[in-house]
Amino acid sequence: HEGFYPQIDADGSPRPDADQCIILMTRLLWYFSAYGRLFSSSEALRLADKALSILGERFLDPTWGGFLWAISPDGATSAAHKQAYAQAFGIYALAEHYAATGSQSSLELARTLFSLLEDHFRDPDFGGYVEALSRDLRPVEDQRLSDKDLNAPKSMNTHLHVLEAYTRLHQVAPDDRTARALAESLDIFVAKIVDAGTGHLRLFFARDWQSLSSQISFGHDIEASWLLYEAAEALKDPSRLNQVRKITLRLVELTEAEGMSSDGGVYYEADDVRQHVDRIGEWWGQAEALVGFLNAYEMSQNEVHLIRAWSVWSFINQRHMAETHGEWTWYPSGSGRVNPYLAGEWKCPYHNGRALMEGVTRLQRLTAGRLERASAI
């Protein structure tokens with residue numbers, strides 16, 4: 001009966017009585033698959049297979065398809081609605097499992113979820129994807145991904161993770177449908193979600209893409225910077241790549257100028273006139289900043305971005321890991337805020353695990369490039 005605890009409290013205590021959420025389980029599948037592939041770890045791939053079996057046995061809806069939201073400790077469905085965000089993470093994780101293991105069943109399930117998003121969640125009138133549907137794939141009144149989100153039919157966050165998932169699926173198993181859907185997702189981001197005036201991302205939308213929020217999320221700005229560029233690279237379209245390159249560097253420069261503390265941390269959010277700024281960032285924003293700044297340095301060779309990456313890494317070591325000796329805390333030490341838990345529904349080795357694997361890969365690539373240039377000289 002080996003499995004995964006649904007939550008680990010801030011003091012390190014397991015909480016087997018908590019509900020198991022689809023977001024945690026898909027992110028665990030992604031993480032162990034990616035780790036196993038990068039480091040040739042048989043143990044990580046064994047854990048990935050365990051996460052995959054739990055997803056299939058407990059979360060996959062045999063009647064209507066797609067992944068359910070939450071399962072109670074006794075195995076009953078505790079939340080049956082279906083979020084586009086969750087289906088996207090399923091695609092992302094299954095595509096990575098296919099890349100790591102060659103499992104055709106994982107690829108087929110990823111393609112099935114892709115079809116579910118395209119056939120049921122995609123807005124045929126205005127483009128993009130609605131946030132949520134019922135278990136039987138009908139419209140629902142409450143579209144929110146979490147309690148702190150607006151009840152809006154579309155969000156930047158969901159579209160960012162659909163883009164992320166479609167990018168990985170297109171990288172490992174490209175075909176005409178993935179190319180078309182990825183291109184459309186990228187174009188929507190450029191035309192509707194990136195604010196051409198401010199350079200920041202808009203966060204919540206009506207169906208017709210009217211903006212419903214004035215907030216700025218610095219963590220999402222820097223996360224989108226490298227995910228947008230990765231999507232454009234996957235499409236191998238020079239015109240889109242050139243367009244996204246400008247957006248990417250602007251998002252990075254705005255984060256550097258407006259969204260960072262003097263000790264290297266990334267702020268959480270601000271209003272559109274910067275009168276109210278939440279300067280206490282969360283672990284995931286620091287993780288995405290590490291990748292975003294390294295990516296910007298690779299793109300531009302501007303050493304300011306490399307220095308920013310180092311300052312974020314120093315902040316993480318000093319403020320997010322000093323007390324736990326490994327797993328990052330939700331909030332930085334000394335912030336005065338209480339960490340909700342160490343791992344659980346919204347926090348696991350996805351943002352920070354991915355940041356470190358991306359960091360390893362990118363720094364190895366940068367080092368190899370410098371050695372090649374030195375030998376040529």
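As the structure is a computational prediction, the values presented were derived from the model and not from experiment. Heavy atoms only: backbone and side chains are in, while hydrogens, waters and symmetry mates are out.
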Item checked: Check ion pair Glu96-Arg354 (N to O, under 4.0 angstrom) -> no
Next item on the list: Test Gln171 against Arg168 for side chain to side chain donor-acceptor pair (under 3.5 Å), laying out the working first.
Entry: CA-CA 5 Å; Gln171 286 172 334; Arg168 192 61 179 139; 3.0 Å; yes
Notebook entry, point to check: Between the side chains of Glu118 and Tyr166, is a donor N or O closer than 3.5 angstrom to an acceptor N or O?
Noted result: yes
Check: Which atom names give the shortest non-hydrogen contact between Lys82 and Gly65, and what distance separates them?
Finding: NZ-O, 2.6 Å
Next item on the list: Answer yes if the side chains of Asp195 and His200 hold a donor-acceptor pair under 3.5 Å, and no otherwise.
Entry: no
Notebook entry, point to check: In terms of the angle between their ring planes, are Tyr350 and Tyr92 parallel, tilted or perpendicular, with boundaries placed at 30° and 60°?
Noted result: perpendicular
Notebook entry, point to check: Judged by modelled atom types alone, do Ser115 and Arg177 share a side-chain donor-acceptor pair under 3.5 Å?
Noted result: yes
Item checked: Donor on one side chain, acceptor on other, Asn157 and Ser155, under 3.5 Å -> no
Notebook entry, point to check: Do the ring planes of His351 and Trp283 sit parallel (below 30°), tilted (30 to 60°) or perpendicular (above 60°)?
Noted result: perpendicular
Check: Can you check whether Phe114 reaches Gln87 side chain to side chain, under 4.5 Å on heavy atoms?
Finding: no
Check: If every non-hydrogen atom of Leu249 is compared with every non-hydrogen atom of Ser300, which pair is closest and at what distance?
Finding: CD2-CB, 4.4 Å
Notebook entry, point to check: Which atoms form the tightest heavy-atom contact between Leu169 and Ala110, and what is the distance?
Noted result: CD1-CB, 4.2 Å
Next item on the list: Work out which heavy atom in Trp30 is nearest to a heavy atom in Ala93; give both atom names and the distance.
Entry: N-CB, 3.7 Å
Margin query: Is the distance from the ring center of Phe89 to that of Tyr85 below 6.0 Å?
Written below: yes
Note to self: Is the distance from the ring center of Phe315 to that of His320 below 6.0 Å?
What the structure shows: yes
Notebook entry, point to check: Tyr129 vs His159 aromatic rings, parallel, tilted or perpendicular, using cut-offs 30° and 60°?
Noted result: tilted
Notebook entry, point to check: Would you say the side chains of His305 and Asn295 form a donor-acceptor pair under 3.5 Å?
Noted result: no
Item checked: Considering all heavy atoms, the nearest Arg202-Val194 contact -> NH1-O, 3.8 Å
Checklist line | Asp19 and Ser78: side chain donor to acceptor below 3.5 Å | finding: yes
Note to self: Would you call the rings of Trp346 and Trp69 parallel, tilted or perpendicular, taking 30° and 60° as the class edges?
What the structure shows: tilted
Margin query: For the OG atom of Ser185 and the CZ atom of Arg122, what is their distance to the nearest 0.5 Å?
Written below: 8.5 Å
